[in-house]
Protein chains: 2
Amino acid sequence: MVSRNPNQTRRAILDAALEEIHLRGFQGMRVEHILQRTGLTKGALYHHFTNKMSIGYAIVDEILGQDVMERWVGPLSDSSNPVLTIIEICEKERAGRTAEEIEKGCPINNLSQEMSPIDEGFRERLEQVYRQWTSAIAEALSRGQKTGVIRADVEPAKIAKFLLASLQGIIGVAKCCKSEQMLDDMADCMRSYLLQLLNADSVQRAV
Amino acid sequence: MVSRNPNQTRRAILDAALEEIHLRGFQGMRVEHILQRTGLTKGALYHHFTNKMSIGYAIVDEILGQDVMERWVGPLSDSSNPVLTIIEICEKERAGRTAEEIEKGCPINNLSQEMSPIDEGFRERLEQVYRQWTSAIAEALSRGQKTGVIRADVEPAKIAKFLLASLQGIIGVAKCCKSEQMLDDMADCMRSYLLQLLNADSVQRAV
DNA sequence: ATATAAACAGACCAGTTGGTATGTCAAATA
DNA sequence: TATTTGACATACCAACTGGTCTGTTTATAT
């Protein structure tokens, strides 16, 4: 904002928009509020984006999708034990959240619940994020089966979808109930379920 | 709508509003659309409700809460085997949904994700629904432990929360991915998890 | 140095939206 | 039958909202 830096301006718009969307949803987000947050004007905003919708699309593609890649896809691709890696990621994410953050939930889940039925562009983009996410888990589980850490009878593709769904469900219910206790209770069940996916031999080391 | 019937009119407003909200969310729901659906006018609508928000509150209290009572709390309170009852309810609900219905998700989850962070009135009402829901599951699991059908080492309160969260997560992910296959895959995992809660002796009869 | 195009600023606008004020009609009540 | 009240109908409005249009400033290429 000091000197002219279009990339930085564009990113500032997306960051401000994401914060608003995270709390109020895409429909509840107001262009005017982005201007207030960034100190920019309408001229600047509509120079970088054609309309409100394109801001939402860019957030999914450039921020949320990227986050999943960095926090999940990357670590899982380097992992020799997907179960432990998933538990680690969850605990790390959990540690970084205040009670206030919990109330806002996962922006990916928020957006998909709000927008996927009413805008196909949003839905396709969010579905793609979910696909990358589940694929990364499924592939890691598959590799784990080959190395013997994961039970041979688990079906990676199915379990991956279920794990992702449960995770989103947990975050969503905790968000509504505004309860850290509830979040930790559910996470505990999730952890137990994850450990069940390990081969009997390797459970000793894990717990 | 034929003759004057205030209760029927009020209910017609709520039903129409719920359909709109189910698809577009509460913020996306337009009062004007309710009028079009019901054939009523603003005068009628604002005679029965003080404002838009009160329509949303009434829907949670009178329709969604009631639905949970009928579909979950009732059956579970009569159940001798909560695991089988839950599986039955899920299969029944699943059978009644078309692909189009799946895209709209669960209205309770939709509303809680959208409204709980921005309106405390909504959040409290939805939390209460979740509480009744999880309590019913937890109590049924407890009773199952006493009769011996449920494993003694499961913690009813924790598992109940996790089950509810997973269920909502599954519906939510399937909604975004618009995939019946994915829904059934995840439901399959959920079913397996539920059956694990049964005592080893009674598994034979269940499967 | 100057032309050119990108990166903004700011006023303005048309459509939308929740909500209100006033009037009318039917049914219960006396 | 007269009257009062609840159940609507209709016109209207003020505020909001996404988006546009025109103008100005800054960087960059020639």
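On a predicted model such as this, the values are computed, not experimentally measured, just so you know. Within every chain, numbering begins at 1; the chains are lettered A, B, ... in the order of the sequence lines, protein sequences first and strands thereafter.
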Got a second to check how far [X]'s [atom1] is from [Y]'s [atom2], nearest 0.5 Å?
{"X": "Y193(A)", "Y": "I159(A)", "atom1": "OH", "atom2": "CD1", "value": "3.5 Å"}
{"X": "E120(A)", "Y": "I118(A)", "atom1": "CD", "atom2": "CD1", "value": "12.0 Å"}
{"X": "I171(A)", "Y": "C106(A)", "atom1": "CD1", "atom2": "SG", "value": "5.5 Å"}

Result block: side-chain N/O donor-acceptor pairs under 3.5 angstrom for residues 28-35 of chain A, not counting sequence neighbours:
| residue | atom | partner | partner atom | Å |
| --- | --- | --- | --- | --- |
| R30(A) | NH2 | Q27(A) | O | 2.5 |
| H33(A) | ND1 | E20(A) | OE1 | 3.2 |

Distance in angstrom units between [X] [atom1] and [N] [atom2], rounded:
{"X": "Q36(A)", "N": "dC16(D)", "atom1": "CD", "atom2": "C1'", "value": "13 Å"}
{"X": "R10(A)", "N": "dC8(C)", "atom1": "CZ", "atom2": "C1'", "value": "16 Å"}
{"X": "E32(A)", "N": "dC12(C)", "atom1": "CD", "atom2": "P", "value": "16 Å"}
{"X": "N5(B)", "N": "dG6(D)", "atom1": "CG", "atom2": "C1'", "value": "13 Å"}
{"X": "F49(A)", "N": "dG18(D)", "atom1": "CZ", "atom2": "P", "value": "15 Å"}
{"X": "I34(B)", "N": "dT17(C)", "atom1": "CD1", "atom2": "C1'", "value": "13 Å"}
{"X": "Q27(A)", "N": "dT17(D)", "atom1": "CD", "atom2": "P", "value": "13 Å"}
{"X": "R4(A)", "N": "dC8(C)", "atom1": "CZ", "atom2": "P", "value": "6 Å"}

From C-beta outward on [X], which listed nucleotide comes closest to its side chain: [options]?
{"X": "A44(A)", "options": "dG19(C), dG19(D), dA9(C)", "value": "dA9(C)"}
{"X": "K42(B)", "options": "dC8(D), dT10(D), dG18(D)", "value": "dT10(D)"}
{"X": "L40(A)", "options": "dG18(C), dA9(C), dA9(D)", "value": "dA9(C)"}
{"X": "K52(A)", "options": "dG19(D), dA9(C), dA9(D)", "value": "dG19(D)"}

Quick one: does any side-chain atom of N81(A) pair with a main-chain N or O of V149(A) as donor and acceptor, under 3.5 Å? no
Is [X] close enough to [N] that one of its side-chain N or O atoms is under 4.0 Å from OP1 or OP2 there?
{"X": "H48(B)", "N": "dC8(D)", "value": "yes"}
{"X": "H47(A)", "N": "dA7(C)", "value": "yes"}
{"X": "T9(A)", "N": "dA7(C)", "value": "no"}

Identify whether any heavy atom of M29(A) sits under 4.0 Å from a base atom; if not, whether one sits that close to sugar-phosphate; answer base, sugar-phosphate or nothing. sugar-phosphate
Quick check on DNA chain D: between T50(A) and H33(A), whose nearest nucleotide comes earlier from the 5' end? H33(A)
